[in-house]
Protein chains: 2
Amino acid sequence: MRKTKPVSHATLRRLPQYLHLLRQRLEQGAVRVSCSDIGRELQLDPTQVRKDLEVTGSPGRPRIGFSVPDLVEAIEEFLGWNRVNEAFLAGVGHLGTALLNYSRLRNYGVHIVAAFDTDPAKIGTELGGRQVLPLERITGLAGRMHVRIGIIAVPAEEAQRVADMMVAGGIQAIWNFAPVSLQVPKRIIVQNEELYYSLAALSRKLAANRKQSLKIGGATHHGTDAVTTTGRGQRAGQV
Amino acid sequence: MRKTKPVSHATLRRLPQYLHLLRQRLEQGAVRVSCSDIGRELQLDPTQVRKDLEVTGSPGRPRIGFSVPDLVEAIEEFLGWNRVNEAFLAGVGHLGTALLNYSRLRNYGVHIVAAFDTDPAKIGTELGGRQVLPLERITGLAGRMHVRIGIIAVPAEEAQRVADMMVAGGIQAIWNFAPVSLQVPKRIIVQNEELYYSLAALSRKLAANRKQSLKIGGATHHGTDAVTTTGRGQRAGQV
DNA sequence: TAGATTGTTAATCGATTAACAATC
DNA sequence: TAGATTGTTAATCGATTAACAATC
């Protein structure tokens with residue numbers, strides 16, 4: 001069994017980019033799209049695009065290209081974004097509140113249906129249309145509502161405890177914003193969201209620039225060939 | 001000229017992980033560390049670790065290993081995190097406020113020295129010890145204070161305008177949290193922070209799990225071999 | 001039909017892993 | 001000294017790119 005073909009990390013990173021673009025095209029009424037078209041827009045090799053799209057199973061037609069609506073649907077299906085997953089949010093500090101108000105999340109397969117916190121001042125209030133509930137209830141409600149995703153936006157010290165409560169409630173995947181390595185059973189999917197790397201890439205380039213300017217001469221020189229990259233993967237800033 | 005050796009994307013992604021671990025060790029008083037030691041902790045091949053550390057130029061000694069303080073310093077130096085870069089933050093909504101209060105940022109080479117917004121209700125208030133200033137002043141102040149990093153945490157519609165103002169002020173690198181592709185001169189370093197990919201990885205695994213449970217039988221089955229991954233790169237959840 | 005684009009196989013490139021001599 | 005660990009070169013693996021026949 002287990003024929004889930006191994007999708008490369010790199011492909012998985014690019015699929016959301018394709019989807020993003022294709023959704024725009026769809027809105028503009030586009031019907032067909034070719035790989036070279038996508039590649040041009042995203043600075044990617046057309047063959048690469050074709051290979052990536054292959055995993056979605058949506059067939060293209062020689063000379064014609066791919067159907068935009070079909071492709072959008074196929075990618076959404078592949079990523080599991082066609083059916084929105086319900087999520088619980090733990091922690092409604094600034095970050096948690098930001099996530100609650102980020103309605104776009106729904107386009108990426110996640111819908112926060114309830115928020116939890118320990119702060120009595122916050123409990124009972126409404127944020128972004130959702131009630132804030134006492135954290136203690138997260139386990140029971142997750143089980144009852146069959147919620148599959150838990151988002152952790154609490155301070156580092158509380159993160160492990162919250163993760164335990166989520167797991168106890170049957171939550172299957174945790175999106176973790178706390179800067180700690182969570183200890184959970186192996187079957188649980190954990191996605192750590194770290195700002196580390198972005199900052200590493202950014203300041204590394206900045207440092208390299210500076211070193212170069214010094215080398216070139218005393219005068220201030222703003223660098224000359226810096227690049228635009230996305231959080232992961234690279235895509236040039238472009239028209 | 002231009003001997004800045006090409007550091008692989010992958011290496012750059014792992015260096016912050018090493019640094020994080022080594023800082024902990026340093027705090028615990030550790031003096032020496034070996035690549036196998038680091039590898040064990042981070043689930044990485046020791047040779048890989050050695051190769052990565054090579055770029056920092058910090059030498060190890062056969063049989064002995066690497067000096068922890070030296071290595072910490074070398075990585076910080078390499079990433080440009082030894083000298084903290086001053087940054088301006090545009091937009092003090094929930095996300096912006098979260099960033100302002102995230103004091104840990106300073107460990108990653110970034111120190112927000114001022115925040116800007118257009119909302120008169122916010123201007124003049126103090127957030128996380130920093131005054132909120134009118135957005136219009138960002139260009140002038142950036143030039144005057146020689147601030148090199150701009151953080152964009154404004155709504156998508158305003159992002160481009162803010163980027164223009166930052167560039168006009170001589171800002172060299174933009175950390176962009178708005179979901180738009182910024183148009184800036186090539187010399188400007190842009191780091192887009194996207195949640196896309198994290199969610200793609202998460203829900204893809206969730207969808208794969210579900211498909212498998214269905215295949216295995218009608219009964220609810222929580223999946224069996226899900227993995228823990230970090231935002232980018234992989235590291236197992238671990239002791 | 002002619003020509004563009006897909007689907008697919010082969011070649012290249014780069015990153016990871018293995019092997020091993022040098023050395024503290 | 002003996003043995004662990006570095007530094008470095010070679011082998012493997014996987015992902016990207018090129019080539020090209022099939023086809024609409």
Side-chain angles (χ1 to χ4, degrees), chain A residues 4-15 17-18 22 25 30-68 70-71 74-75 78 197 200-201 229-230 232-236, chain B residues 4-15 17-18 22 25 30-68 70-71 74-75 78 197 200-201 229-230 232-236:
Chain A
T4 325
K5 64 199 80 145
V7 181
S8 98
H9 195 68
T11 297
L12 199 52
R13 174 203 300 144
R14 284 185 298 261
L15 283 172
Q17 289 186 29
Y18 301 146
L22 291 169
R25 294 293 180 92
V31 176
R32 308 244 169 254
V33 69
S34 75
C35 291
S36 21
D37 189 5
I38 296 176
R40 205 175 312 115
E41 194 88 10
L42 260 35
Q43 313 269 96
L44 294 170
D45 184 288
T47 307
Q48 171 120 270
V49 176
R50 211 171 303 128
K51 266 256 168 108
D52 287 341
L53 294 182
E54 200 193 320
V55 304
T56 69
S58 181
R61 283 194 296 172
R63 178 71 232 266
I64 309 288
F66 291 81
S67 150
V68 177
D70 285 5
L71 216 39
I75 299 178
F78 182 83
Y197 165 71
T229 55
T230 61
R232 27 318 249 204
Q234 47 272 72
R235 177 170 49 146
Chain B
T4 325
K5 64 198 81 144
V7 181
S8 98
H9 195 67
T11 297
L12 199 52
R13 173 203 301 143
R14 284 185 299 260
L15 283 171
Q17 288 186 30
Y18 301 147
L22 291 169
R25 293 294 178 89
V31 176
R32 308 245 168 253
V33 68
S34 76
C35 293
S36 22
D37 189 5
I38 295 176
R40 205 176 311 118
E41 194 88 11
L42 261 35
Q43 314 269 96
L44 294 170
D45 185 288
T47 307
Q48 171 121 268
V49 177
R50 210 169 307 128
K51 266 254 167 110
D52 287 341
L53 294 183
E54 201 191 321
V55 304
T56 69
S58 181
R61 283 193 297 170
R63 177 70 231 266
I64 308 287
F66 290 82
S67 148
V68 177
D70 285 5
L71 216 39
I75 299 178
F78 182 83
Y197 166 71
T229 55
T230 61
R232 34 311 255 198
Q234 48 273 72
R235 178 171 49 144

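Proteins come first, then strands; the chains are lettered A, B, ... in the order of their sequence lines, and each starts at number 1.
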Self-check item: Ion pair B:Asp37/B:Arg25, N-O distance below 4.0 Å
Solution: yes
Self-check item: Distance in angstrom units between A:Ile38 CD1 and C:dT5 C1', rounded
Solution: 13 Å
Quiz prompt | Under the 3.5 Å Watson-Crick or G-U criterion, the dot-bracket string of DNA chain D, with | for inter-strand pairs | solution = ..||||||||||||||||||||||
Quiz item: Of all heavy-atom pairs between B:Ala74 and B:Ser58, which one has the smallest distance, and what is that distance?
Solution: CB-CB, 3.6 Å
Quiz prompt | Result of checking B:Leu71, B:Val49, B:Leu53 against B:Val33 for side chain to side chain contact (heavy atoms under 4.5 Å, CB included) | solution = B:Leu71
Practice problem: Have a look at A:Pro59 and say if it touches a base, only the backbone sugar-phosphate, or nothing, with a 4.0 Å heavy-atom cut-off. | Solution: sugar-phosphate
Quiz item: Are any of the side-chain heavy atoms of B:Leu44 and B:Asp52 separated by less than 4.5 Å?
Solution: no
Practice problem: Using the side-chain contact (heavy atoms from CB on, under 4.5 Å) rule, take A:Leu22 and A:Phe66 through it: C-alpha gap first, then chi angles, then the decisive distance, then the call. | Solution: CA-CA 11 Å; A:Leu22 291 169; A:Phe66 291 81; over 6 Å; no
Quiz item: When the distance from CD of B:Glu54 to P of D:dT6 is rounded to whole Å, what number comes out?
Solution: 12 Å
Quiz item: Out of curiosity, A:Gln48 CD to A:Ile38 CD1, how far, rounded to the nearest 0.5 Å?
Solution: 12.0 Å
Quiz item: With nearest nucleotides of DNA chain C determined for B:Thr47 and A:Gly60 from heavy-atom distances, which residue corresponds to the more 5′ nucleotide?
Solution: A:Gly60
Quiz item: Do the side chains of A:Thr11 and A:Tyr18 get nearer than 4.5 Å, heavy atoms only?
Solution: no
Self-check item: Gap between atom OG of A:Ser8 and atom CZ of A:Arg14 - 0.5 Å precision
Solution: 6.0 Å
Between the protein and nucleotides 21-24 of chain C, list the N/O to N/O atom pairs that are separated by less than 3.5 angstrom.
none

Quiz item: Rounded to whole angstrom units, what separation is found between the CG atom of B:Asp37 and the C1' atom of D:dT5?
Solution: 12 Å
Quiz item: Nearest-Å distance, CG (B:Leu53) to P (D:dT5)?
Solution: 15 Å
Quiz prompt | B:Arg32 CZ - D:dT5 C1' separation (whole Å) | solution = 13 Å
Quiz item: Within a strict 4.5 Å, meaning less than it, do heavy atoms of the A:Leu12 and A:Val55 side chains meet?
Solution: no
Quiz item: Can you name the nearest heavy-atom pair linking A:Pro62 to A:Gly60, along with the distance?
Solution: CD-O, 4.0 Å
With the criterion being N/O to N/O and under 3.5 Å, what pairs connect the protein with nucleotides 12-16 of chain D, and how long is each?
from   : atom 1 : to      : atom 2 : distance (Å)
D:dT16 : OP1    : A:Arg14 : NH1    : 3.1
D:dT16 : OP2    : A:Arg14 : NH2    : 3.3
D:dT16 : OP2    : A:Gln48 : OE1    : 3.1
D:dT16 : O5'    : A:Gln48 : OE1    : 3.1

Quiz item: Contact class for A:Ser34 vs. all strands (heavy atom < 4.0 Å): base, sugar-phosphate, or nothing?
Solution: sugar-phosphate
Self-check item: Within-4.5 Å side-chain heavy-atom neighbours: A:Tyr197 and B:His9
Solution: yes
